[in-house]
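These notes concern the structure reproduced below.
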Number of protein chains: 2
Amino acid sequence: MALATRERILEAAGATLSRNPNASLDQIAVDARVGRATVFRHFESRAGLLKALAGRAIAETDRATRLAAADARTATEALKLITRAVVGAGESFRFLDSAAELYDEPEIVEAYQRQMSELADLVGAARREGFIRPDLPTAWVVASIDGLIWAACRAVGDGELGVVQAKDLVWETIADGLSTEGAREDRHADQA
Amino acid sequence: MALATRERILEAAGATLSRNPNASLDQIAVDARVGRATVFRHFESRAGLLKALAGRAIAETDRATRLAAADARTATEALKLITRAVVGAGESFRFLDSAAELYDEPEIVEAYQRQMSELADLVGAARREGFIRPDLPTAWVVASIDGLIWAACRAVGDGELGVVQAKDLVWETIADGLSTEGAREDRHADQA
DNA sequence: CATTGACGAGACTCTAGCGTCTCATTCAGG
DNA sequence: CCTGAATGAGACGCTAGAGTCTCGTCAATG
């Protein structure tokens with residue numbers, strides 16, 4: 001039962017910290033229906049728990065990413081599948097929103113930067129395929145994809161959208177934006 | 001000098017908390033080049049400081065919003081101006097990212113919900129003007145605008161983009177998405 | 001039935017950080 | 001020069017929460 005307990009703690013920690021980023025270990029233990037001492041039996045410290053949780057989220061994202069990438073024949077398609085996959089895995093890493101302590105963990109920071117870098121590479125490849133508007137800096141494309149995924153995960157977590165719906169909406173928004181087809185002309189007219 | 005000191009504390013608090021959401025009052029005081037006791041002379045408590053900071057951000061956003069709305073003749077134009085204005089004021093409220101304590105302050109929560117509600121109304125009006133794609137739920141439109149603004153503020157704060165550039169990019173992305181004009185067809189082809 | 005391992009409960013220590021208070025200093029205005 | 005307000009420095013008490021330890025219980029296993 002050791003594994004089940006550890007898993008239950010991680011699960012509860014993720015859920016509780018998503019709601020309250022400063023939740024105490026005591027609160028997490030209660031939510032996991034586990035004694036506080038048991039938390040320390042499975043994790044070295046609070047930081048250790050956070051680290052394990054982050055590592056789990058990173059691994060989950062990597063797994064989803066690789067699965068998605070394997071099915072894609074173009075970078076654009078990979079971008080689409082990966083975006084959808086990450087939205088699906090969103091619950092795993094929503095707690096990261098405000099886990100500022102993790103900035104001190106080199107492994108975690110490195111893994112995060114690696115994932116961002118992979119995303120940037122993918123965006124670059126999609127750009128070469130002609131999918132990305134040439135006038136947008138890659139940094140912004142990456143940042144806004146990140147922002148939209150974040151918004152989608154938030155909306156799902158708040159019950160505003162279903163997961164399936166959110167996946168569709170994120171990709172549609174990336175591809176087409178929020179406005180009707182004629183918007184591009186409207187915008188240019190506005191700016192004149 | 002009282003006002004200048006208070007202002008300096010608020011300024012330092014915003015900057016410091018943006019970097020480290022769990023920064024101590026001591027750290028904030030040091031960054032403000034002020035004695036820790038002086039912080040308590042100007043603010044009732046840590047919560048009071050946070051509240052003042054949030055109130056300042058809300059007021060700043062309201063001001064920017066009203067100024068922008070006054071110049072607009074259509075809801076679509078208002079949405080554009082307000083989005084740009086909020087990106088410009090982004091530094092003011094970036095610290096809110098992880099100020100979970102503020103969820104306990106009714107005034108702050110109410111003000112935030114009011115602003116979100118105003119944004120939703122504006123989106124609804126822009127939708128009636130034909131600017132917003134009819135197939136997108138308003139909740140998602142609001143969430144993704146929020147997400148894109150957040151991404152832009154983050155990018156500016158990280159030095160990846162300039163403020164002016166970020167304002168343009170957010171609105172362009174809202175209007176047109178990230179992909180080239182032919183994307184809509186590509187996407188439908190992908191899904192087939 | 002005895003053993004073993006995981007667990008819950010709870011007592012205990014330790015520290016960071018909040019909030020209060022005091023006292024000396026500085027500086028502006030009269 | 002005198003006075004009062006604002007401040008800096010720092011001592012002090014207090015509490016929440018991290019981390020440790022012990023003991024009794026339960027369940028599985030032999």
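Numbered from 1 within each chain, the chains take letters A, B, ... in sequence-line order. This is a predicted model, so every value here is computed, not measured.
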With respect to the phosphate group of [N], does any side-chain polar atom (N or O) of [X] fall under 4.0 Å of OP1 or OP2?
X	N	answer
Thr38(B)	dT7(D)	no
His42(B)	dA6(D)	no
Thr5(A)	dC7(C)	yes

Nearest-0.5 Å distance that lies between atom [atom1] in [X] and atom [atom2] in [Y]:
X	Y	atom1	atom2	value
Arg41(A)	Ile9(A)	CZ	CD1	10.0 Å
Met116(B)	Ile145(B)	CE	CD1	9.5 Å
Ile132(A)	Leu178(B)	CD1	CG	6.0 Å

Shortest side-chain distance from [X], nucleotide among [options]:
X	options	value
Arg41(B)	dT7(D), dA18(D), dG17(C)	dT7(D)
Arg36(B)	dG19(C), dG19(D), dG8(D)	dG19(C)
Leu25(B)	dT20(D), dG19(C), dG17(D)	dG19(C)
Phe40(B)	dT20(D), dC18(C), dA9(D)	dC18(C)

Quick one: [X] [atom1] to [N] [atom2], roughly how many Å, whole number?
X	N	atom1	atom2	result
Phe43(A)	dG19(D)	CZ	P	13 Å
Asn22(A)	dT15(D)	CG	P	21 Å
Glu44(B)	dG19(C)	CD	P	9 Å
Asp26(B)	dA11(D)	CG	C1'	14 Å
Ile28(A)	dG8(C)	CD1	C1'	18 Å
Arg46(B)	dT15(D)	CZ	C1'	15 Å
Leu49(B)	dG19(C)	CG	C1'	14 Å
Arg8(A)	dA6(C)	CZ	P	15 Å

Margin query: On DNA chain D, compare the nucleotides closest to Ala23(A) and Val34(B); which residue's is nearer the 5' end?
Written below: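 Looking at the nearest nucleotide for each, Val34(B) comes out on the 5' side.
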
Margin query: To check you understand the geometry: which heavy-atom pair defines the closest contact between Cys153(A) and Val87(A), and what is its length?
Written below: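 Result for this residue pair: SG-O, 4.1 Å.
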
Check: If every non-hydrogen atom of Ser18(B) is compared with every non-hydrogen atom of Arg94(B), which pair is closest and at what distance?
Finding: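 Nearest heavy atoms, Ser18(B) then Arg94(B): OG-CB, 4.0 Å.
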
